[in-house]
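Keep in mind the model is a prediction, meaning the values are calculated, not measured.
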Amino acid sequence: MALLEKTDTLTVSYESIDNDHEKFINLLNALDTANNADFPVLYRQLYEHTERHFERENQLMGEYAYPGITDHKGEHQRVLGKFKQFKSRVDKGLITFGRSFVKDRLPQWLTLHVTTMDNALAMHINKQPNV
Ligand SMILES: [Fe+2]
Ligand SMILES: [Fe+2]
(Lines give C-alpha, C1' and ligand atoms only; values in the text may rest on other atoms or scores of the structure.)
(Ligands and ions follow the chains in the order given, each with its own letter.)
Protein backbone atom coordinates (compact mmCIF):
# COMPACT_ATOMS: atom_id res chain seq x y z
CA MET A 1 0.00 0.00 0.00
CA ALA A 2 1.25 3.45 -0.89
CA LEU A 3 2.22 5.80 1.92
CA LEU A 4 -0.11 8.45 0.53
CA GLU A 5 -2.75 8.10 -2.19
CA LYS A 6 -3.78 10.93 -4.50
CA THR A 7 -7.47 11.29 -3.67
CA ASP A 8 -10.15 13.89 -4.47
CA THR A 9 -9.57 15.36 -1.01
CA LEU A 10 -6.04 16.22 -2.12
CA THR A 11 -7.24 17.95 -5.30
CA VAL A 12 -7.66 21.72 -5.25
CA SER A 13 -8.87 22.13 -8.88
CA TYR A 14 -6.03 24.34 -10.04
CA GLU A 15 -3.83 22.48 -12.50
CA SER A 16 -0.29 23.65 -11.71
CA ILE A 17 -0.84 23.26 -7.95
CA ASP A 18 -2.41 19.80 -8.38
CA ASN A 19 0.50 18.75 -10.61
CA ASP A 20 3.02 19.80 -7.95
CA HIS A 21 1.11 17.86 -5.30
CA GLU A 22 0.98 14.77 -7.48
CA LYS A 23 4.75 14.92 -7.95
CA PHE A 24 5.22 15.39 -4.19
CA ILE A 25 3.05 12.33 -3.46
CA ASN A 26 4.90 10.22 -6.04
CA LEU A 27 8.28 11.14 -4.57
CA LEU A 28 7.03 10.48 -1.04
CA ASN A 29 5.86 7.00 -2.06
CA ALA A 30 9.15 6.32 -3.86
CA LEU A 31 11.07 7.36 -0.72
CA ASP A 32 8.96 5.05 1.41
CA THR A 33 10.15 1.99 -0.52
CA ALA A 34 13.66 3.23 -1.42
CA ASN A 35 16.74 1.39 -0.20
CA ASN A 36 19.40 3.26 1.82
CA ALA A 37 21.47 3.97 -1.30
CA ASP A 38 18.58 5.56 -3.20
CA PHE A 39 17.03 7.37 -0.25
CA PRO A 40 19.39 10.42 -0.18
CA VAL A 41 19.05 10.90 -3.96
CA LEU A 42 15.25 10.86 -3.81
CA TYR A 43 15.25 13.02 -0.67
CA ARG A 44 17.24 15.67 -2.54
CA GLN A 45 14.75 15.47 -5.42
CA LEU A 46 11.82 15.95 -3.05
CA TYR A 47 13.57 18.85 -1.32
CA GLU A 48 14.36 20.62 -4.61
CA HIS A 49 10.90 19.94 -5.99
CA THR A 50 9.34 21.35 -2.81
CA GLU A 51 11.40 24.55 -3.12
CA ARG A 52 10.04 25.06 -6.65
CA HIS A 53 6.50 24.02 -5.67
CA PHE A 54 6.42 26.54 -2.82
CA GLU A 55 7.96 29.22 -5.01
CA ARG A 56 5.25 28.72 -7.65
CA GLU A 57 2.51 29.07 -5.02
CA ASN A 58 4.21 32.13 -3.49
CA GLN A 59 4.28 33.72 -6.92
CA LEU A 60 0.59 32.97 -7.53
CA MET A 61 -0.26 34.53 -4.17
CA GLY A 62 1.49 37.74 -5.20
CA GLU A 63 0.00 37.72 -8.68
CA TYR A 64 -3.57 37.28 -7.41
CA ALA A 65 -3.21 39.58 -4.36
CA TYR A 66 -4.09 36.70 -2.04
CA PRO A 67 -5.04 38.05 1.41
CA GLY A 68 -3.57 35.04 3.28
CA ILE A 69 -0.13 35.45 1.69
CA THR A 70 1.82 36.16 4.91
CA ASP A 71 0.63 33.06 6.79
CA HIS A 72 0.87 30.76 3.78
CA LYS A 73 4.38 31.94 2.82
CA GLY A 74 5.42 31.68 6.46
CA GLU A 75 4.24 28.06 6.59
CA HIS A 76 6.21 27.24 3.42
CA GLN A 77 9.29 28.82 5.00
CA ARG A 78 8.84 26.86 8.22
CA VAL A 79 8.48 23.52 6.43
CA LEU A 80 11.45 24.19 4.16
CA GLY A 81 13.46 24.74 7.35
CA LYS A 82 12.42 21.26 8.53
CA PHE A 83 13.32 19.80 5.13
CA LYS A 84 16.77 21.37 5.40
CA GLN A 85 17.26 20.12 8.96
CA PHE A 86 16.49 16.53 7.94
CA LYS A 87 18.50 16.87 4.73
CA SER A 88 21.67 17.58 6.70
CA ARG A 89 21.02 14.43 8.76
CA VAL A 90 20.36 12.33 5.65
CA ASP A 91 23.54 13.72 4.05
CA LYS A 92 25.48 12.56 7.14
CA GLY A 93 24.13 9.04 6.58
CA LEU A 94 21.42 9.25 9.26
CA ILE A 95 18.82 7.74 6.96
CA THR A 96 16.54 6.63 9.81
CA PHE A 97 15.84 10.27 10.69
CA GLY A 98 14.91 10.98 7.09
CA ARG A 99 12.68 7.93 6.95
CA SER A 100 10.83 9.02 10.06
CA PHE A 101 10.30 12.54 8.62
CA VAL A 102 9.00 11.07 5.34
CA LYS A 103 6.76 8.47 6.93
CA ASP A 104 5.50 9.99 10.16
CA ARG A 105 5.37 13.69 9.39
CA LEU A 106 5.16 14.59 5.70
CA PRO A 107 1.95 12.69 4.73
CA GLN A 108 0.03 14.32 7.60
CA TRP A 109 1.59 17.70 6.91
CA LEU A 110 0.80 17.61 3.17
CA THR A 111 -2.79 16.48 3.76
CA LEU A 112 -3.45 19.29 6.22
CA HIS A 113 -1.66 21.92 4.15
CA VAL A 114 -3.41 21.01 0.89
CA THR A 115 -6.89 20.78 2.40
CA THR A 116 -6.56 24.11 4.20
CA MET A 117 -4.01 26.62 2.88
CA ASP A 118 -3.60 25.41 -0.72
CA ASN A 119 -7.31 24.80 -1.12
CA ALA A 120 -8.08 28.34 0.09
CA LEU A 121 -5.52 29.73 -2.36
CA ALA A 122 -6.96 27.76 -5.30
CA MET A 123 -10.49 28.91 -4.42
CA HIS A 124 -9.30 32.51 -4.35
CA ILE A 125 -7.67 32.18 -7.79
CA ASN A 126 -10.59 30.26 -9.32
CA LYS A 127 -13.11 32.92 -8.35
CA GLN A 128 -11.17 35.68 -10.17
CA PRO A 129 -13.06 36.77 -13.31
CA ASN A 130 -10.05 36.45 -15.67
CA VAL A 131 -9.21 32.79 -14.87
FE1 LIG B 1 1.16 23.11 -2.30
FE1 LIG C 1 1.18 25.82 -0.03
Side-chain angles (χ1 to χ4, degrees):
M1 201 182 112
L3 185 58
L4 189 60
E5 303 276 359
K6 189 182 177 287
T7 59
D8 286 352
T9 319
L10 288 176
T11 303
V12 300
S13 302
Y14 189 81
E15 202 181 359
S16 72
I17 298 180
D18 284 330
N19 288 343
D20 274 338
H21 295 163
E22 188 169 0
K23 174 95 178 159
F24 189 107
I25 291 166
N26 290 341
L27 281 167
L28 213 53
N29 288 330
L31 275 157
D32 187 40
T33 55
N35 62 30
N36 282 356
D38 293 338
F39 191 93
V41 179
L42 285 165
Y43 189 90
R44 169 178 285 271
Q45 282 179 27
L46 179 63
Y47 173 71
E48 289 174 355
H49 172 261
T50 302
E51 279 186 313
R52 294 193 298 271
H53 153 202
F54 287 176
E55 193 43 50
R56 277 189 279 271
E57 286 181 16
N58 292 349
Q59 225 166 335
L60 283 169
M61 287 191 255
E63 216 173 295
Y64 288 93
Y66 179 59
I69 188 168
T70 308
D71 285 352
H72 196 156
K73 272 177 115 170
E75 176 61 8
H76 286 165
Q77 200 56 37
R78 186 191 71 79
V79 171
L80 271 185
K82 291 280 168 205
F83 261 97
K84 240 180 249 175
Q85 201 181 315
F86 281 94
K87 188 177 175 299
S88 69
R89 290 175 181 168
V90 168
D91 288 345
K92 283 182 199 139
L94 301 168
I95 308 292
T96 313
F97 284 95
R99 288 196 187 278
S100 155
F101 183 55
V102 161
K103 214 180 162 81
D104 305 328
R105 295 170 77 168
L106 286 181
Q108 293 85 340
W109 175 81
L110 186 79
T111 302
L112 183 66
H113 187 81
V114 170
T115 54
T116 56
M117 289 187 156
D118 289 348
N119 194 48
L121 170 61
M123 277 170 66
H124 171 79
I125 299 172
N126 285 337
K127 75 178 183 205
Q128 305 302 310
N130 57 342
V131 173

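Remark: Gln45 CD to Asn26 CG distance equals 11.5 Å, nearest 0.5 Å. Within the model, atoms CD1 of Ile125 and CD1 of Ile17 stand 4.5 Å from one another, a figure rounded to the nearest 0.5 Å. Atom OG1 of residue Thr50 and atom NZ of residue Lys82 lie 15.5 Å apart, to the nearest 0.5 angstrom. Expressed to the nearest 0.5 Å, how far CG of Leu46 lies from CD1 of Ile25 amounts to 11.0 Å. Note that the CZ atom of Arg56 and the CG atom of Asp20 stand 4.0 Å from one another [nearest 0.5 Å]. A distance of 12.0 Å separates CG of Asp118 from OG1 of Thr11, quoted to the nearest 0.5 Å.
The minimum heavy-atom distance between Phe97 and Arg89, with the atom names listed, is CD2-NH1, 3.6 Å. Nearest heavy atoms, Lys6 versus Asp18: CE-O, 4.5 Å. Smallest separation of non-hydrogen atoms from Val12 and Ala122: O-CB, 3.4 Å.
Under the 4.5 Å side-chain heavy-atom criterion for Ile, Leu, Val, Met, Phe, Trp and Tyr, Met117 and Val79 are members of distinct hydrophobic clusters. Hydrophobic cluster membership is shared by Leu27 and Trp109, with clusters built from Ile, Leu, Val, Met, Phe, Trp and Tyr side chains linked at under 4.5 angstrom. The hydrophobic cluster containing Leu110 also contains Leu80, counting ILVMFWY residues as joined when their side-chain heavy atoms lie under 4.5 angstrom apart, directly or transitively.
For Lys103, the side-chain hydrogen bond (donor to acceptor under 3.5 Å, both in side chains) criterion is met by Asp32, not counting sequence neighbours. For His76, the ring-ring contact (aromatic ring centres under 6.0 Å, His included) partners two or more places apart in sequence, or in a different chain, are Phe54, His72, His113. Among residues two or more places apart in sequence or in another chain, the ring-ring contact (aromatic ring centres under 6.0 Å, His included) test is passed with Phe39 by none.
The residues Arg52 and Glu55 are annotated as not salt-bridged, no charged nitrogen and carboxylate oxygen being separated by less than 4.0 angstrom.
A 6.0 Å sphere centred on CD of Gln77 holds no more than 12 heavy atoms belonging to other residues, nucleotides or ligands. Shown here is Glu15, whose CD atom has no more than 12 heavy atoms of other residues, nucleotides or ligands within 6.0 Å. Summarising the local packing, NZ of Lys23 is surrounded by 12 or fewer heavy atoms from other residues, nucleotides or ligands at distances under 6.0 Å.
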Derivation and outcome, side chain to side chain contact (heavy atoms under 4.5 Å, CB included), residues Val90 and Ile95: CA-CA 5 Å; Val90 168; Ile95 308 292; 4.2 Å; yes
Test log, rule side chain to side chain contact (heavy atoms under 4.5 Å, CB included), inputs Val102 and Leu3: CA-CA 9 Å; Val102 161; Leu3 185 58; 4.1 Å; yes
Intermediate values then yes/no, side chain to side chain contact (heavy atoms under 4.5 Å, CB included), Phe86 and Tyr43: CA-CA 9 Å; Phe86 281 94; Tyr43 189 90; 3.3 Å; yes
Residues Asn36, Arg99; criterion side chain to side chain contact (heavy atoms under 4.5 Å, CB included); working and verdict: CA-CA 10 Å; Asn36 282 356; Arg99 288 196 187 278; 2.8 Å; yes
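Between the Asn126 side chain and the Ser13 main chain, a donor and an acceptor come within less than 3.5 Å of each other. Of the possible polar contacts, one joining the Thr111 side chain to the Pro107 backbone as a donor-acceptor pair under 3.5 Å is found. Side chain of Glu57 to backbone of His53: no donor-acceptor contact under 3.5 angstrom is found.
Side-chain contact between Leu31 and Leu106: absent, with no pair of heavy atoms (C-beta onward) separated by less than 4.5 Å.
Between Phe24 and Phe83, the ring-plane angle classifies as perpendicular under the 30° and 60° cut-offs.
Cation-pi geometry between Arg105 and Phe101 is not met at under 6.0 angstrom from the ring centre and within 45 degrees of the axis.
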